[in-house]
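I have placed the structure first, in the form of structure tokens, so that the comments after it can refer back to it.
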Amino acid sequence: MSGKQRITPRATDFSAWYNDVIARAELAEHAPVRGCMVIRPRGYRIWELMQRALDDMFRETGHENAYFPLLIPQSLLEKEAEHVAGFAPEIAVVTHAGGKELEEPLVLRPTSETIVYSMFSRWIQSYRDLPLLINQWANVIRWEMRPRLFLRTTEFLWQEGHTAHATDGEAEEEALSIVGLYRRFMEDWMALPVITGVKTESERFAGAARTFALEALMQDNKALQTGTSHNLGQNFAKAFDVQFQNADGEMEYTWNTSWGVSTRLVGALIMAHGDDQGLVLPPKLAPTQVVIVPIWKTDGDRVAVMQVSERVAQVLRETGLRVEVDDRDDVKPGAKYYIWECRGVPVRLEIGPRDVSQGQAILVRRTGGKTPVKMDGIAEFVSEMLELLQRSMLEDARTRREQSTRRNVTMEELVALMAGDGGFAFGGFCGKAECERGIKDQTQATIRVLPDPEFRTDPAPDRCVCGDAAVTEAVWAKAY
RNA sequence: CGGGGCGUAGCGCAGCCCGGUAGCGCGCCUGCUUCGGGAGCAGGAGGUCGCCGGUUCAAGUCCGGCCGCCCCGACCA
């Protein structure tokens, strides 16, 4: 547990680094079933902190939590043609139960649109029932060929929002406002800058009219889709007969949205901020924000140092900080430094006999640098330090992303970039699926999004990377 | 599903060619000395060598079969 095995440096093998960090920080492990993971307490608490923040945001915007079942009748899943086709390869099916073969196989939900909208059709009668804004926290199952802890597992945890509206405009507004909500969460809590935009047809959710997405760049210069929000149009309403009577007494199908983020966000946090020492957590999502390491030689020192350490911990906790005192006497202080750095704790306070006599503690930042802090006003100082760290992590991540972003790329540049350093490549796009396909075959890069106005290049490119006239701008990257 | 590799202590591995008392590092337990950047010494616990069969006086090692896992080629929050 407190071994001194080295973490593979990122530059040597990013994948091995990622696995090492997860193992050493005790975030998760592989389960007996291929593709499944056990999320350990230190990893699960990160997810719980994410959940709490997001859940509060959903509530503030009028959404209510509910729970729909894991098992879905196969016939129900098959009602929306495009949806079934899209998920077919990833579906797990229960055929036997109670000691006999089932009359109708049950699907383990890969997502819950089908069961949700079949229930919505019973709950909605009038325009007065709209909008209906539901969220659920749940696990889902998607049989994966190439699993990776947190990033792509057969079972994962997520939230899925499902809403019903009276008009297409309202649904579109809802889908977009969720993108904004996700973006605020990712920037303010995860310190993760994202690019937002709309997906091309080939990357669109099975059954959606439009898919909006948030894309972040990891330190290996590969993109990670960190969230999606779909305007489902009336596709599911028609498949599941979700109708309401409008003010004029006419029957209309509802307009729906669905949206989600998952435990993949933990993987994003690791890959966006981690360094060769291990995990680096933004203060707002760190299970332990401050670790106090008491230092002593003699028993007399120990009593004095522990007394001060506990008092400092108390003061910090009273200001709402998550604090741990590492008072183990079988591990030397130096070893503790490595352990807590590996776990990503943002701030460490070292308190030894010298500090006690001088009325101070030594504050060490996870991202580098140490300074003495006076005991008077230490809570305020540490709080401000954490806020500063939270902000600087976002700025640093944004700087890294900008350094790995190229604009107005030509086909030659795109090919060279994807064969080399990778990163985000902005360029004109003709809108043709064959063009998109060809670039993917040649470079392994896909269009992550057609970026929202705020991210676009000014002036807009007028030629597609293929040479044809551009109808829009696109962001290419190799993706997870 | 096609190609390559691996199953030996909690983890990482050696031993296998050439059959003969199951080993190393880390971790774990006990004690003493240590303690401001991964402590040292001494003692100790821990194993159906993936499974089934065969050859042999004798199999971790040789032979046959099976199972599982990892890596590489067609999808995805």
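Throughout, a chain's letter reflects where its sequence line sits, starting with A, and its residues are numbered from 1.
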Using a 4.0 Å heavy-atom cut-off, does A:T153 contact any base of the nucleic acid, only the sugar-phosphate backbone, or nothing at all? base

Consider the side chain of A:E144, meaning its heavy atoms from C-beta on, and name the nucleotide among B:rA77, B:rG37, B:rC35 that approaches it most closely. B:rA77

Of all the nucleotides listed (B:rG36, B:rG38, B:rC76), which has the minimum atom distance to the side chain of A:I362? B:rG36

Please list residues of residues 433-445 of chain A whose heavy atoms come under 4.0 Å from any atom in RNA chain B, ordered by number; otherwise none. none

Options B:rC35, B:rA77, B:rG36, nucleotide nearest the side-chain atoms of A:Y337: B:rG36

Residue A:K332, side-chain heavy atoms: nucleotide from B:rC76, B:rG37, B:rC35 that is nearest: B:rC35

Tell me, which of residues 224-234 of chain A have any heavy atom that sits under 4.0 Å from an atom in RNA chain B? A:Q225, A:T228

Quick one: which residue pairs count as a side-chain hydrogen bond (donor to acceptor under 3.5 Å, both in side chains) with a foot in residues 286-296 of chain A, not counting sequence neighbours? A:T288-A:E324

Please tell me if the side chains of A:M57 and A:T61 come closer than 4.5 Å, counting only heavy atoms from C-beta onward. no

Going by modelled atom types, is there a donor-acceptor pair between the base of B:rC76 and the side chain of A:R142 at under 3.5 Å? no

Do the side chain of A:E341 and the base of B:rG38 come within less than 3.5 angstrom through a donor-acceptor pair of N or O atoms? no

Would you say A:D220 and A:W17 are linked by a side-chain donor-acceptor pair, where the criterion is simply a distance under 3.5 Å? no

Return yes when atom CD of A:E64 has more than 12 non-hydrogen atoms of other residues, nucleotides or ligands closer than 6.0 Å, and no otherwise. no

Are there any protein N/O atoms within less than 3.5 Å of an N/O atom in nucleotides 68-73 of chain B, and if so, which ones and at what distance?
unit_1: B:rC70; atom_1: OP2; unit_2: A:R34; atom_2: NH1; d: 2.7
unit_1: B:rC72; atom_1: OP1; unit_2: A:R146; atom_2: NH2; d: 3.3
unit_1: B:rC72; atom_1: OP2; unit_2: A:R146; atom_2: NH2; d: 2.6
unit_1: B:rG73; atom_1: OP2; unit_2: A:R146; atom_2: NH1; d: 3.2

So the ring-ring contact (aromatic ring centres under 6.0 Å, His included) pairs with at least one residue in residues 200-230 of chain A (sequence neighbours excluded) are A:H83-A:F205, A:F87-A:F205, A:F205-A:H230

Do A:F455 and A:F424 make a side-chain contact, defined as non-hydrogen atoms from C-beta onward lying under 4.5 Å apart? no

Do A:L279 and A:R366 have side chains that get closer than 4.5 Å, going by heavy atoms? no

What does A:G352 touch in the nucleic acid at a heavy-atom separation under 4.0 angstrom: a base, only the sugar-phosphate, or nothing? base

Which pairs of donor and acceptor atoms, one on a side chain in residues 184-193 of chain A, lie under 3.5 Å apart (sequence neighbours left out)?
unit_1: A:E187; atom_1: OE2; unit_2: A:R183; atom_2: NE; d: 3.0

Which residue lies toward the 5' end of RNA chain B, A:D330 or A:F156, if each is placed at its nearest nucleotide? A:D330

Could you tell me whether A:E155 contacts a base, only the sugar-phosphate backbone, or nothing, with contacts defined as non-hydrogen atoms closer than 4.0 Å? nothing

Quick one: sort the A:H63 and A:W259 rings into parallel, tilted or perpendicular, breaks at 30° and 60°. perpendicular

NA contact type, A:R348, heavy-atom cut-off 4.0 Å: base, sugar-phosphate, or nothing? base

Of A:K336, A:R24, A:R348, the residue whose pairing with A:E341 passes salt bridge (Lys or Arg N to Asp or Glu O under 4.0 Å): A:R348

May I ask you to check whether A:T446 and A:R448 show a side-chain donor-acceptor distance below 3.5 Å? yes

